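Below is one structure; the comments refer to it alone.
The structure presented is a predicted model; accordingly, all values stated were derived computationally and were not measured. Order of the sequence lines sets the chain letters (A, B, ...), proteins ahead of strands, with each chain counted from 1.
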There are 2 protein chains.
Amino acid sequence: MQRMAIDKTPEWQALLAHHRSLRETRMSDLFAADPSRAQKFTVRCGDIRLDYSKNRITGETMTLLRQLAQVADVKGWTGKFFRGDRINTSEDRPALHTALRQRTGTVAVDGKDVIAEIAAVRQRLYAFAGAVRDGTWTVHTGTRITDVVHIGIGGSDLGPRMVVEALRPSTAPIRVRFASSLDDAELAAALEQLVPASTLFIVASKSFTTPETLANARLAKQWLLTALKEEALVKGHFVALTSKPEEAKKFGVEAANIYPMWDWVGGRYSLWSSIGLPIALALGPEAFDRLLDGAAAMDAHFRETPFEANLPVTLGLLSVWYANFFGAETQVLLPYDWRLRLLPTWLQQVAMESNGKSVDRDGKPVSTATAPVVWGGSGNDGQHAYFQALHQGTHLVPADFLVALSGGANRAALLANCFAQSEALMGGRDAIAAGGPHKAMPGNRPSNTIIFPQLDAKTLGSLLALYEHKTFVEGCIWGINSFDQWGVELGKVLAARIEPELKAGAGTGGAHDASTAALIGAYRGKS
Amino acid sequence: MQRMAIDKTPEWQALLAHHRSLRETRMSDLFAADPSRAQKFTVRCGDIRLDYSKNRITGETMTLLRQLAQVADVKGWTGKFFRGDRINTSEDRPALHTALRQRTGTVAVDGKDVIAEIAAVRQRLYAFAGAVRDGTWTVHTGTRITDVVHIGIGGSDLGPRMVVEALRPSTAPIRVRFASSLDDAELAAALEQLVPASTLFIVASKSFTTPETLANARLAKQWLLTALKEEALVKGHFVALTSKPEEAKKFGVEAANIYPMWDWVGGRYSLWSSIGLPIALALGPEAFDRLLDGAAAMDAHFRETPFEANLPVTLGLLSVWYANFFGAETQVLLPYDWRLRLLPTWLQQVAMESNGKSVDRDGKPVSTATAPVVWGGSGNDGQHAYFQALHQGTHLVPADFLVALSGGANRAALLANCFAQSEALMGGRDAIAAGGPHKAMPGNRPSNTIIFPQLDAKTLGSLLALYEHKTFVEGCIWGINSFDQWGVELGKVLAARIEPELKAGAGTGGAHDASTAALIGAYRGKS
């Protein structure tokens, strides 16, 4: 059956008309008119509270957006997603990161239950992490591990790195560092002050062919070999996380140190899988369990809660509202907990790699804008940097504020800043009150505020699942497959072609535009 | 004289018409039609080379853009800027960060030459940094310094942090760390494993009233006091960088340890001033001099080079071209050197705080879009995250690629990736060649490539000045004062009002919208 393009549906058209009627309305007038507005537009999942009342919406907006979700069959797609249908059609596989968080029941892939399989792998992983942490696992010389360097890039890096940076305690038996890019300055920085004899390397690559990851793994091997002298000793310092164990063995990783990944886990959703090993090492298996619990709680909330009270659905619909009706090209994510500073970097991949596409599930060109640019960082720091543009710039940038209600010496001041910013963005200040036109603030700038009692593993798990599912909801509305990433292929092909040309002394074999040819020439001539 | 709004000028109108004629043109056709295109659209400053040929431009585009620069009087404003005119009219002062890089001649502020004054302060600063580095400067107990924690936020943090992260050698006599936000988890992380007796704190705040900075400075004092016991000993561990020495003294900093800032240096341009002390400590005074040399070289290039060959003017005009004619709301900055990973964070402040404004110099509303959102990060990492959206998403995101031609073990592979990405963004791939519509890449996506022989202090200085001046050129075109930041004031006022309300046990005094009131209530009830 030919699906109707989403922007041709009556639901979309109704939103267009509604937008025209609402676009000049000021949020402060809506607050003045309805004393229950804050309450009406606040939803919860456990002790996570989303206040979305500071948005340019009325009750009718939300009703119309939910009707859009109905016509896009968000409910139906969610069912397919969770039960393991092959919704990643271009790669002909399911997207089952949620199964990694599900510890009861069954989920079948090719007629085989994966829940038991996941549990078995995780048990191995936890046993390993526990043994490294308590020193019962040692390398062949009998030395216990003090430091771990995780080598991976993209999905094999951003999730674990973000979680470890968010939750690592100041004293831990194992220190975990990360190296991702081809620039060996990064690995060199990670290796500073490390002792080879007590350093373990994790090599995380689903395909075990990622050039960045293998290049760093080779440098790590050299570093170990220089110190340990014997190849046989080096082997014991490597762990591989991959769905290609044979490739890992070829690299020299011992079979016992290889942990599997599954085809049905996309890289950007892989922190819940074996790729999460650095999390278990840095924080302990118990914290990893809490992270999974938190995600599972959000999964259940997303599956079972009516749209009206559903956090991921609400965030997804608001995202569509600004991206498609107000034409906002970006969204800013502003955690006020410094420990969450890498959340925007993680979400960039989840949101933009999932939905940064121009064709729909059926391969037809989309007729709406898709994934906005996600950016942001520590909100308190942002105040002293780019908030000027959020307040007085010419672009509408919907913001998500996130903050824990407790934690640390200056929490009240931190919260005051967080709450003050959304208040200022909404309220603004006119030129007369401000004392001049350059001090005026237009206001009426939308934001969500997400608060939670404290930042712990369970809460973080829920927050990550919240944004994963928000992204899924957006993808449903836009009618796209959120689980492939074909757009990154061409760059890989071209890089593989250019690299030997850079190294060759003589004329290039490839046909390049004159600019690329000149850049290649510049390297050769080191001009 | 009433200035004509820039978008009402014949030059702007000519660009609008030109845009209409060019917007369907493919860059690959322009390359095919003109073998000299790469050469024609490459400009240099010293050994920094900007290839801007992969942009959606023709020779005529650049001619029209330069005419726009003429009518906006970029040349005239540049003259005023460098000679110290009070171009920051809303704060009635000059913007003279360029004077900090100028080591000859004179620049008068209020009839007084500042070049000699700058030299005198810098000499003190270098002597101090040198003495700390060689251990001849000690705290009162005679202990030499091993670690420095720099406390500052916004402009007092981003510049020094970025430069130190970019250039710090693996072995240095002094390790420098940074703490900026109110979340004390950040300072706690910076203090991990540090020894109070050999730790020096720099407190950097122009006004010495920045709440974040003072809160962290107080925590630092406590941390020292717990270890050192005596208040008198604590004092010697603080250095202040400020234009309010009296306030620093009140905090307990000794007069000899206070280094001045000037009113005519904006926070976001202050790394060249005393705020650069952590750079001098981490890298040495000589490297700081090279950084200044590099910036001074770009300053001279910017002042003296005709528009046609001028790097900052070219980048600024291209920015306007996409922001105002193609309607691009963002720009992505993609350094391929991992050491430059904080460059986008630094530029966010420079670009968005400078030009994220809605009124012009005369206080009249602007009628064009101003500062786009700047985002980005390590380009090689981005390939495995958000590049999907750059290639196949629905938004036009002009990109700047930056890369050094030498450095490290995998440089050729890194360059191959960098060059391949701009090639892929431009060229794209049609559905048939790609093997399906979901694999098709639209291409025709613009980028600049900036290459340089190696990443050293001089090059970095030039790159920073390049982006500072690019931002200035944009501001000239948009007719705005790029040197104030009034948009951040209201948030500060509201935060100061909310903080006591959070701490008070009883009813709030302030009048807030119901959402803000509920958020305040959530903290009080810890619900």
Side-chain angles (χ1 to χ4, degrees), chain A residues 31 38 53 90 153-154 181-186 215 329-330 338 348-349 352-353 356-357 359 363 369-370 373 375 380 384-386 388-389 391-395 408-410 412 414 416-417 419-421 423-424 437-439 485-487 490-491 494-495 498-499 502 513-516 518-519, chain B residues 31 38 53 90 153-154 181-186 215 329-330 338 348-349 352-353 356-357 359 363 369-370 373 375 380 384-386 388-389 391-395 408-410 412 414 416-417 419-421 423-424 437-439 485-487 490-491 494-495 498-499 502 513-516 518-519:
Chain A
F31 270 101
S53 64
S90 79
I153 193 165
S181 82
L182 266 175
D183 187 346
D184 62 349
E186 184 179 13
E329 288 192 5
T330 81
W338 173 79
Q348 277 181 333
Q349 185 190 24
M352 297 170 72
E353 194 165 82
K357 293 166 190 169
V359 299
T370 60
V373 169
W375 60 290
N380 186 216
H384 296 263
Y386 48 77
Q388 163 68 37
H391 286 293
Q392 290 192 318
T394 57
H395 301 295
N410 300 312
L414 198 57
N417 275 275
F419 300 162
Q421 289 299 327
E423 188 180 29
H438 53 286
K439 296 183 185 173
Q485 56 283 319
W486 294 101
L490 180 57
L494 296 181
I498 293 173
E499 192 179 340
L502 288 168
D513 62 84
S515 165
T516 305
L519 292 167
Chain B
F31 270 101
S53 64
S90 79
I153 193 166
S181 82
L182 266 176
D183 186 346
D184 61 349
E186 183 179 14
E329 289 192 4
T330 80
W338 173 79
Q348 277 181 332
Q349 186 190 24
M352 296 171 72
E353 194 166 83
K357 293 168 190 167
V359 298
T370 60
V373 169
W375 61 289
N380 186 218
H384 296 263
Y386 48 77
Q388 164 67 37
H391 286 293
Q392 289 192 318
T394 57
H395 300 296
N410 300 311
L414 197 58
N417 275 275
F419 300 163
Q421 289 299 327
E423 187 180 30
H438 53 286
K439 296 184 184 172
Q485 57 283 319
W486 294 102
L490 181 56
L494 296 181
I498 293 174
E499 192 180 342
L502 288 168
D513 63 84
S515 165
T516 305
L519 292 167

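Ranked by heavy-atom pairs shorter than 4.5 Å toward chain A, the options B/Ala412, B/Gly363, B/Ala38 are led by B/Ala412. For the set A/Gly393, A/Ser515, A/Ala409, A/Ala369, the count of heavy-atom pairs under 4.5 angstrom toward chain B peaks at A/Ser515. Per-residue heavy-atom pair counts under 4.5 Å with chain A were compared for B/Ala215, B/Ser53, B/Gly487, B/Ala185, and the maximum is reached by B/Gly487. Of the listed residues A/Lys439, A/Gln348, A/His391, the one with more heavy-atom pairs under 4.5 angstrom with chain B than any other is A/Lys439. Contact count against chain A (heavy-atom pairs under 4.5 Å) is highest for B/Ala495 among B/Gly154, B/Ala518, B/Ala495. For the set A/Ala424, A/Gly491, A/Ser181, the count of heavy-atom pairs under 4.5 angstrom toward chain B peaks at A/Ser181. Among B/His384, B/Glu499, B/Lys357, the residue making the largest number of heavy-atom pairs under 4.5 Å with chain A is B/His384.
For A/Gln421, the part lying under 4.5 angstrom from a heavy atom of chain B is the side chain only. Interface residue B/His438: backbone and side-chain heavy atoms are both found under 4.5 Å from chain A. Only the side chain of A/Phe31 has a heavy atom closer than 4.5 Å to any heavy atom of chain B. In this structure, chain A has heavy atoms under 4.5 Å from both the backbone and the side chain of B/Phe419.
Nearest heavy-atom pair, A/Asp183 versus B/Trp338, reported as atom, atom and distance to 0.1 Å: OD2-N, 2.8 Å.
In this structure, B/Glu186 CD and A/Asn410 CG are separated by 11.5 Å, a value rounded to the nearest 0.5 Å. To the nearest 0.5 angstrom, B/Leu502 atom CG is 10.5 Å from A/Leu414 atom CG.
Using modelled atom types, one side-chain atom of A/Thr394 and one backbone atom of B/Thr370 make a donor-acceptor pair closer than 3.5 Å.
A side-chain contact (heavy atoms from CB on, under 4.5 Å) with B/Gln388 is found for one member of A/Met352, A/Gln349, A/Glu353 and no other, namely A/Glu353.
Residues B/Glu423 and A/Leu519 have side chains not in contact (no heavy-atom distance under 4.5 Å, counting atoms from C-beta outward). Within the 4.5 Å cutoff, the side chain of B/Leu182 has heavy atoms near those of the A/Asn417 side chain.
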